[in-house]
Engineer: 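Okay, here's the structure, questions in a sec.
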Amino acid sequence: MGIFGGTFDPIHYGHLRTAFELIELLRLPEMRFMPAGNPPHRERTVASNERRLAMVEAAVAGQPGFVVDGREIRKAGPSYTVETLGDLRTEHPGRPLCLVIGMDAFLGLPNWHRWRDLFGLAHLVVAHRPGWRAPTTGTLGELLVERGTARVSDLHESLAGRIYIHAVTQLEISSTEVRSLIAAGRDPRFLMPDGVRRIILETGCYARKDETRG
Ligand code: ATP
């Protein structure tokens with residue numbers, strides 16, 4: 001199964017297209033969207049936890065294979081990816097797990113809590129994002145030499161430990177830009193599914209800077 005973590009503040013077509021291409025290309029039975037609760041390695045979110053979860057649910061509704069997993073949002077306090085993957089591994093002992101992250105997130109991997117342990121739990125699928133290049137030197141460059149693969153079958157033949165880089169269709173959308181556009185009074189139509197747009201417009205959750213601070 002694929003696990004697509006992110007702050008999703010808000011979710012947009014850049015995330016959804018990436019997930020869709022990967023589910024097809026990697027022949028994954030399921031892609032789990034897992035909104036981060038209180039991300040330890042990122043700044044706090046603008047929309048509340050519940051709102052972000054509702055937007056992800058609206059975004060994936062009706063799409064076969066797309067599933068929402070709200071465990072990190074429901075957990076009090078920070079969630080570390082390595083712990084979440086450990087739980088998933090216990091729940092699904094015989095299934096390969098593929099953690100999907102963007103290239104920008106991959107470049108920050110060495111700052112993650114117990115990041116080397118991730119490879120005992122899951123494969124890493126890195127989605128190319130506009131403006132970011134794969135490292136060729138340093139810790140991550142070496143990691144790619146050691147664990148990188150271009151064969152989809154490698155992700156099915158073992159449960160964890162490989163890194164697959166996919167050049168996803170480049171949609172230059174980011175949550176940060178979507179939020180500024182909305183705060184400037186513009187319409188986010190065609191950047192995200194209508195269900196998500198409706199929640200944003202009805203609740204005004206990005207109309208001011210930070211919903212959680214009121
Ligand atoms: P921000 O713009 O605030 O940094 P974001 O758009 O990167 O937010 P996240 O929720 O942090 O949103 O993203 C979750 C994951 O999706 C990250 O690993 C990120 O790299 C990836 N991602 C986000 N936008 C795109 C995109 N347009 N194309 C491919 N991957 C993306």
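Remember, it's 1-based here, ligands and their atoms both numbered in the order they're listed. Source: prediction; values computed, not measured. Heads up: numbering here begins at 1 and tracks the sequence.
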Engineer: Which bit of Ser175 gets closer than 4.0 Å to ligand 1, counting heavy atoms only: side chain, backbone, both or neither?
Structural biologist: both

Engineer: Go through ligand 1 atom by atom and flag the ones less than 4.0 Å from a non-hydrogen atom of Thr7.
Structural biologist: 9 (P), 10 (O), 11 (O)

Engineer: Name the orientation class of the two ring planes belonging to His113 and Tyr80 (parallel below 30°, tilted from 30 to 60°, perpendicular beyond 60°).
Structural biologist: tilted

Engineer: In terms of side-chain heavy atoms, does Thr149 have a donor or acceptor partner in Asp154 at a distance below 3.5 Å?
Structural biologist: yes

Engineer: With heavy atoms of Asp104 as the reference, note each atom of ligand 1 found under 4.0 Å away.
Structural biologist: 19 (C), 20 (O)

Engineer: Please determine if Phe4 has a nitrogen or oxygen closer than 3.5 Å to a nitrogen or oxygen of ligand 1.
Structural biologist: no

Engineer: Can you tell me how the ring of Trp115 sits relative to the ring of Phe119, calling it parallel under 30°, perpendicular over 60° and tilted otherwise?
Structural biologist: perpendicular

Engineer: Looking at Glu21 and Thr169, would you say the former's side chain and the latter's main chain have a donor-acceptor pair under 3.5 Å?
Structural biologist: yes

Engineer: Are any of the heavy atoms in Gly5 under 4.0 Å away from ligand 1?
Structural biologist: yes

Engineer: Would you mind running through ligand 1 and noting each atom that sits below 4.0 Å from a heavy atom of Phe8?
Structural biologist: 10 (O)

Engineer: Looking only at N/O atoms, are Met103 and ligand 1 under 3.5 Å apart anywhere?
Structural biologist: no

Engineer: Run the numbers for me: atoms of ligand 1, each under 4.0 Å from some heavy atom of Thr18, listed by number.
Structural biologist: 28 (N), 29 (C), 30 (N)

Engineer: Which residue in the set Val152, Leu155, Leu22 passes side-chain contact (heavy atoms from CB on, under 4.5 Å) when paired with Arg27?
Structural biologist: Val152

Engineer: For the residue pair Phe33 and Phe4, categorise the inter-ring angle as parallel (less than 30°), tilted (30 to 60°) or perpendicular (more than 60°).
Structural biologist: parallel

Engineer: What's the shortest heavy-atom distance between Gly14 and Ile173, and which atoms?
Structural biologist: N-CD1, 3.9 Å

Engineer: Hey, is Asp187 close enough to Arg197 for a salt bridge, meaning N to O under 4.0 Å?
Structural biologist: yes

Engineer: Kindly confirm or rule out an N or O of His15 lying under 3.5 angstrom from an N or O of ligand 1.
Structural biologist: yes

Engineer: Should Thr176 be counted as touching ligand 1, given the test is an N or O pair under 3.5 Å?
Structural biologist: yes

Engineer: So how far is it from Arg51 CZ to Ile200 CD1, rounded to the nearest 0.5 Å?
Structural biologist: 10.0 Å

Engineer: Using distance alone, determine whether Ile173 and ligand 1 share an N or O pair under 3.5 Å.
Structural biologist: yes

Engineer: With respect to Gly102, determine whether any N or O atom, backbone or side chain, lies less than 3.5 Å from an N or O atom of ligand 1.
Structural biologist: yes

Engineer: Answer yes or no: does an N/O atom from His128 fall short of 3.5 Å to an N/O atom of ligand 1?
Structural biologist: no

Engineer: Under a 4.0 angstrom heavy-atom cut-off, which atoms of ligand 1 come close to Ile101?
Structural biologist: 18 (O)

Engineer: Is the closest heavy-atom distance from His12 to ligand 1 below 4.0 Å?
Structural biologist: yes

Engineer: Which ligand 1 atoms does Gly6 reach within 4.0 Å, using its non-hydrogen atoms?
Structural biologist: 10 (O), 14 (C)

Engineer: How long is the gap from OG1 on Thr7 to CG on Asn49, to the nearest 0.5 Å?
Structural biologist: 11.0 Å

